[in-house]
Amino acid sequence: MQGPSVQWVLMAAVRVRFAPSPTGYLHVGGARTALFNWLFARHHGGTFILRIEDTDRTRSTDEAIDQIIASLRWLGLDWDEFYRQTDRFAVHRAVAEQLLRQGAAYEHEGAVWFRIPKEGATVVPDLLAGDVRFQHRELKDLVILRSDGTPTYNFACVVDDHDMGVTHVIRGDEHLNNTPKQMLIYQALGWPTPLFAHIPLILGPDKSKLSKRHGAVSVLEYEKRGILPEALVNFLARLGWSHGDQEVFSREELIQYFDLPDVGKSASVFDEAKLLWLNHEWMKRKPVAELAGLVRRCLVETGVAPAPEVEELGAQRLLKAVELLRDRSKTVVDLAHAARFLFPGEVEWPPGSEELLRAELAPAVRALAEALGNLDNGSAEDMEKAVREVLARLEIPLKLVALPMRVIVTGSRVGPSLFEVLALAGPKRVAERLSRAAAWLEKGAR
RNA sequence: GUCCCCGUCGUCCAGCGGUCUAGGAUACCGGGCUUUCAAUCCGGAAACGGGGGUUCGAAUCCCCCCGGGGACACCA
């Protein structure tokens, strides 16, 4: 008599929940648990519940709740119902009373303990791990109500999952050991047990459970680093779940394909390199205008350029820059930094540029500065024409000056087509930087 | 230590008894294209933890070992 029959469950509407404890930011492990629950609910047309497990009042904070909510919103995981466990203490106490009256629980040192049978075993019919047997003698009686009257996790969880009609408990593997205790409580109360699916953990590069010491693990941290939510969702989904050989999934595809049988059983290592690759993929797929919006904000936030300068740049030019730069940027932050040369002020030459910027380049650079400065609004084509004319006159091959020019104008040896870059920076800025460099070269460089 | 889970390229996955000379992705290496870097295209190196079974046949099923991880709170 363990829970509802399979038939009944298949017919019932799916109800799942994500139940974080607000003791810190939402990390990627929790985010994936939330994502799997959310996808499962959306795939089956069910309900996704967000329940804040704040029974430990000493460790729970409102800031953490805000952070978790902000993280889920950013990821695009919307919930249909919301609860806070602390709002339900009265219910928890009433159920504890009932257990007490039944003799299934007893008081000791002010706390209420649930009694675990001495004999026998409980089998957890896990959807992923299969039947897992726990001998009762391995389990210890557990506190369900602390001496201050607040409920503990294993108890509140059972009461709430039952009251909220949760059909599938999808949670991290670290909870598998708690499950027999929870099942025993369900049984003592005469309640049907939900279905359980314990998903494997996410590990750090050292193969231990992912934690702060592995570096960036907070969801919001990834946002700050210029990761797209589409990419993080895609990446997290592929950690432990797959659909054939497909790697890139839109949110819609994920909802369409996701289901529990395709979830693996082994823990997986969080691989930043692959996240970055996926991020790049999503940067390429995102509508330019949307990406440009993110870049605009990032430009200011990362201090690449103050807001007025970004405004002055204009939407068209920003769009064009994003279009050209996104192919060579892994993150939005990367892109913003690569766009530095679009703004006023000097650009810093990369180390080792002295070898590139040799004094004999001075006449050419001077000539180019003058020619390009005379253009009033150069397109890439105009720029190219002007540059080639000057070089033809001086009989200097483009190859000789292309890299130096690029460095002088952008402060980088790499980037989009030289002429596109010149057009993007604009004749005025190009001329300024070239003549400054020419002066420096004329003084004999160094 | 006890209990539980897991074990295919460095990493993420495919594989669900024969079609596997083990496939894809990423990362890495080499090449093409290009004024550079990307993008893109071509190519390369790279794995079934070990040992027993079962079977005509095992990466796929069973057992043992080894290895990794998780849980052992009046935390969740």
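If you're wondering where the values come from, they're calculated on a predicted model, not measured in any experiment. By convention in this document, chain letters (A, B, ...) are assigned in the order of the sequence lines, proteins followed by strands, and residues within each chain are numbered from 1.
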Both Arg133(A) and Asn177(A) contact RNA chain B. Taking the nearest nucleotide for each, which residue is further toward the 5' end?
Arg133(A)
Distance below 4.0 Å between Lys209(A) side-chain N/O and rG68(B) OP1 or OP2:
no
On a whole-Å scale, what distance lies between the C1' atoms belonging to rU34(B) and rU40(B)?
11 Å
Identify the two heavy atoms, one from Arg171(A) and one from Thr33(A), that lie closest to each other, and give their separation to 0.1 Å.
CA-CG2, 4.0 Å
Can you tell me if Lys181(A) touches the phosphate of rA71(B), counting only side-chain N or O atoms and a distance under 4.0 Å to OP1 or OP2?
no
Pick base, sugar-phosphate or nothing for Pro416(A), based on heavy-atom distances below 4.0 Å to the nucleic acid.
base
Does the structure show a Watson-Crick or G-U wobble partner for rA25(B), both distances under 3.5 Å? Name it, or say none.
rU11(B)
Could a donor-acceptor pair under 3.5 angstrom be found where the side chain of Asn178(A) meets the base of rA76(B)?
yes
Counting distance alone, no hydrogens or angles: does the base of rA25(B) have a donor or acceptor under 3.5 Å from a partner atom on the side chain of Lys274(A)?
yes
Closest to the side chain of Leu201(A), out of rU35(B), rG69(B), rC12(B), is rG69(B)
OP1 or OP2 of rA27(B) sitting under 4.0 Å from any side-chain N/O of Lys330(A)?
yes
Determine the interatomic distance between C1' on rU54(B) and the same-named atom on rC61(B); round to the nearest Å.
8 Å
Rounding to an integer number of angstrom, what distance separates rA58(B) and rA22(B) when you compare their P atoms?
15 Å
Side-chain N or O of Ser208(A) versus OP1/OP2 of rG69(B): is the shortest distance under 4.0 Å?
no
Between rC74(B), rU40(B), rC12(B), which nucleotide has the shortest distance from any of its atoms to the side chain of Ser268(A)?
rC12(B)
Which part of the nucleic acid, if any, lies within contact of Gln135(A), taking any heavy atom under 4.0 Å across all strands shown: a base, the sugar-phosphate backbone alone, or nothing?
nothing
What I want to check is whether an N or O donor and acceptor connect the side chain of Thr152(A) with the base of rC74(B) at under 3.5 Å.
no
Considering just the side-chain nitrogens and oxygens of Lys399(A), establish if one lies under 4.0 Å of OP1 or OP2 belonging to rU34(B).
no
Have a look at Gly264(A) and say if it touches a base, only the backbone sugar-phosphate, or nothing, with a 4.0 Å heavy-atom cut-off.
nothing
Just call it for His198(A): base, sugar-phosphate, or nothing, with non-hydrogen atoms closer than 4.0 Å on any strand.
nothing
Pairing nucleotide - rU40(B), Watson-Crick or G-U, each distance under 3.5 Å
rG32(B)
Between the base of rC37(B) and the side chain of Arg328(A), is one N or O donor paired with an acceptor at under 3.5 angstrom?
yes
No-hydrogen, no-angle side-chain donor-acceptor test under 3.5 Å, Asp126(A) and His198(A)
yes
P gap between rA39(B) and rC28(B), integer Å
10 Å
Check the phosphate of rA38(B) against Lys284(A), side-chain N and O only, distance under 4.0 Å to OP1 or OP2. Yes or no?
no
Taking rC6(B), rU11(B), rC37(B) as options, the one with an atom nearest any side-chain atom of Lys265(A) is rC6(B)
Using 4.0 Å as the upper bound for N to carboxylate O, is an ion pair formed by Lys284(A) and Asp327(A)?
no
Applying the Watson-Crick and G-U wobble criteria at under 3.5 Å, what pairs with rG1(B)? Answer none if nothing qualifies.
rC72(B)
N-O pairing of Arg251(A) and Glu253(A) below 4.0 Å:
no
Any-strand Watson-Crick or G-U partner of rG67(B), both distances under 3.5 Å:
rC6(B)
Aromatic ring pairing His243(A)/Trp241(A), orientation class (parallel under 30°, perpendicular over 60°, tilted between):
parallel
P atoms of rG50(B) and rU8(B), separation to the nearest Å:
11 Å
How is Ser417(A) classified with respect to the nucleic acid when contacts are heavy atoms under 4.0 Å: base, sugar-phosphate, or nothing?
base
Output yes when Arg15(A) and Glu81(A) qualify as a salt bridge under the 4.0 Å nitrogen-oxygen rule, no when they do not.
yes
Between rG23(B) and Asp245(A), counting only base atoms on the nucleotide and side-chain atoms on the residue, is there a donor-acceptor pair under 3.5 Å?
yes
Side chain of Glu247(A), base of rG24(B): donor and acceptor closer than 3.5 Å?
yes
One should read off an interatomic distance between Leu278(A) CG and Lys330(A) NZ, to the nearest 0.5 angstrom, of 10.5 Å
